[in-house]
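Remarks on the structure that follows.
Computed from a predicted model, the values in this text were never measured in an experiment. All values below were derived from every heavy atom in this structure, side-chain atoms included, with hydrogens, water molecules and symmetry-related copies excluded. Chain naming here is simple, since letters A, B, ... match the order of the sequence lines and numbering starts at 1 in each.
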Protein chains: 2
Amino acid sequence: MVDRVVPDVIVSRLPVYLRALQFMQMQAVTTTSSQDLGSKVNISAAQIRKDLSQFGEFGKQGTGYNVEALIAHLEKILQVEKVWDVAVIGMGDMGHALTRYGGFLNRGFRITDCFDNDPAKIGSQAGQYIIKDVADIGKGDCLRGKMVMLCVPAAAAQKIANKLVECGVKAILNYAPVHLSVPADVRVQYIDPVIGLQRMAYYLHEKNE
Amino acid sequence: MVDRVVPDVIVSRLPVYLRALQFMQMQAVTTTSSQDLGSKVNISAAQIRKDLSQFGEFGKQGTGYNVEALIAHLEKILQVEKVWDVAVIGMGDMGHALTRYGGFLNRGFRITDCFDNDPAKIGSQAGQYIIKDVADIGKGDCLRGKMVMLCVPAAAAQKIANKLVECGVKAILNYAPVHLSVPADVRVQYIDPVIGLQRMAYYLHEKNE
DNA sequence: TAGATTGTTAATCGATTAACAATC
DNA sequence: TAGATTGTTAATCGATTAACAATC
């Protein structure tokens with residue numbers, strides 16, 4: 001059995017489909033089509049059908065897809081029917097905001113640990129969490145198998161990333177505005193608002209008076 | 001003169017190059033090569049040369065690129081040699097975190113306005129900003145030509161986006177976990193941590209005990 | 001049944017890579 | 001000069017789209 005690898009681009013679109021489907025479900029929509037879903041995420045119907053066909057046959061000719069069923073399939077494929085433990089590292093404004101964000105649990109994640117290196121913060125409470133010492137990462141507190149949201153300053157990010165890799169962390173959501181060098185089996189997703197703004201600035205016509 | 005359009009994929013990589021170059025500059029590195037830069041952003045040297053060639057010839061055979069000069073070129077191309085005004089809409093945890101983030105100014109942006117719809121917040125101070133009423137968007141307070149960071153709840157996002165479009169906003173950095181439908185001349189960049197986490201969860205081997 | 005929509009194949013389109021002459 | 005690296009062309013690779021038989 002040749003297990004043909006699903007291209008990255010396709011995988012990266014699945015969460016977008018899932019989010020749109022859950023939005024439909026919230027609005028009590030029970031059925032959709034590649035056409036309909038496509039219009040809601042700005043992706044062609046053909047593309048959506050092609051993407052889904054990588055994983056199975058989830059639709060019915062003539063009627064389309066059952067929203068609830070397709071959600072279940074996508075959650076299974078993305079492995080988010082279970083809930084993953086996530087650690088937040090760096091309890092500045094961003095780290096705090098993330099711990100207070102209510103949108104994780106019903107989408108497959110929960111924050112279990114918070115770390116900082118500031119002695120003034122270590123041991124103190126942040127909502128329901130007690131902030132642990134970054135220095136303890138890799139000691140008793142093993143993060144193996146967990147995901148990490150990295151919210152430390154740019155200058156500290158690579159060093160901590162190295163530590164995380166040593167600890168067996170395989171997925172880092174990086175809020176620090178730097179590229180992280182990690183082994184090929186470790187995934188990194190980048191969130192940098194400035195990158196987003198710059199990508200748009202290119203297209204603006206200088207209306208900035 | 002056919003002004004050949006630069007593909008989106010290429011534009012989207014430029015901010016990544018720029019960020020890496022500025023990081024080098026911070027470390028007093030004066031010269032780089034496509035090889036070197038590529039290794040720092042995980043992109044092939046050929047790709048980087050090809051991308052840059054869309055905009056001109058910035059390097060020198062044998063020696064590569066001058067970091068400072070290439071930064072200047074990229075800033076010009078991305079239109080971030082100037083500073084763009086950005087409004088934050090929705091002053092929850094995320095909105096607040098953004099207003100307190102120090103990383104915008106030296107990369108081409110500054111926050112000029114903050115909005116919320118909560119009467120308890122409107123008129124109050126958030127750092128150096130006085131929170132304005134969302135209802136006033138489109139009245140005296142015109143956002144034309146500005147960029148917007150949208151940090152309102154998912155349920156409110158589309159409605160506000162419509163209002164922004166009417167106001168002449170052409171660029172929205174959307175933190176709300178929903179797709180926004182906007183006219184083709186309006187750019188949207190999405191930031192949703194859960195999408196990032198889900199993209200990575202797909203690749204994890206169930207070590208989640 | 002007629003209309004709608006799937007899953008899939010083949011055609012098209014675009015992006016990435018490899019290779020190299022030019023040249024610093 | 002010899003070594004390094006550019007910008008660019010052609011070759012390759014991969015992703016998107018169009019089209020349609022199958023079928024609900």
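Between the side chain of B:Gln25 and the backbone N or O of B:Glu68, no donor-acceptor pair lies under 3.5 Å. Judged by distance alone, the side chain of B:Arg199 and the main-chain N or O of A:Ser12 form a donor-acceptor pair under 3.5 Å.
Taking the side chain of A:Lys60 as heavy atoms from C-beta on, and the options D:dT17, D:dC24, C:dT17, the nearest nucleotide is D:dC24. Taking only side-chain atoms of A:Gln61, from C-beta outward, the nucleotide of D:dT8, C:dT6, C:dC24 with the closest atom is C:dT6. Comparing C:dG7, D:dT9, C:dA15 against the side chain of B:Val9 picks out C:dA15 as the nearest. The A:Pro7 side chain lies nearest to D:dA15 when the options are D:dG7, D:dA18, D:dA15. Taking every side-chain heavy atom of A:Ser34 into account, C:dT6 is the closest of C:dT17, C:dT6, C:dT9.
The side chain of B:Thr63 contributes no N or O atom lying less than 4.0 Å from OP1 or OP2 of D:dA4. Checking the phosphate oxygens (OP1, OP2) of C:dT16, a side-chain nitrogen or oxygen of B:Arg13 falls inside 4.0 Å. In this structure, A:Gln47 reaches the D:dT17 phosphate: one of its side-chain N or O atoms is under 4.0 Å from OP1 or OP2. For the pair A:Ser33 and C:dA4, the criterion of a side-chain N or O lying under 4.0 Å from OP1 or OP2 is not met. Under 4.0 angstrom from either OP1 or OP2 of C:dA4 there lies no side-chain N or O belonging to A:Tyr65.
Between B:Lys139 and B:Asp133 there is no salt bridge, since none of the side-chain N atoms of the basic residue sits less than 4.0 Å from a carboxylate O of the acidic one.
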Could you please spell out the steps behind the side chain to side chain contact (heavy atoms under 4.5 Å, CB included) verdict for B:Ile89 and B:Met149?
CA-CA 6 Å; B:Ile89 306 193; B:Met149 299 196 278; over 6 Å; no

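Between B:Glu57 and A:Asp8, the one whose closest nucleotide on DNA chain D sits nearer the 5' end is B:Glu57. For A:Gly62 and B:Arg49, each mapped to the nucleotide of DNA chain C holding its nearest heavy atom, the one lying further toward the 5' end belongs to A:Gly62.
The pairing partner recorded for D:dA22 is C:dT5, the criterion being a Watson-Crick or G-U wobble arrangement whose two distances lie under 3.5 angstrom. Checking D:dA10 for Watson-Crick or G-U wobble geometry (two distances, each under 3.5 Å) identifies C:dT17 as its partner.
One finds the CG atom of A:Asp8 at 3.5 Å from the OH atom of B:Tyr203 (value rounded to the nearest 0.5 Å).
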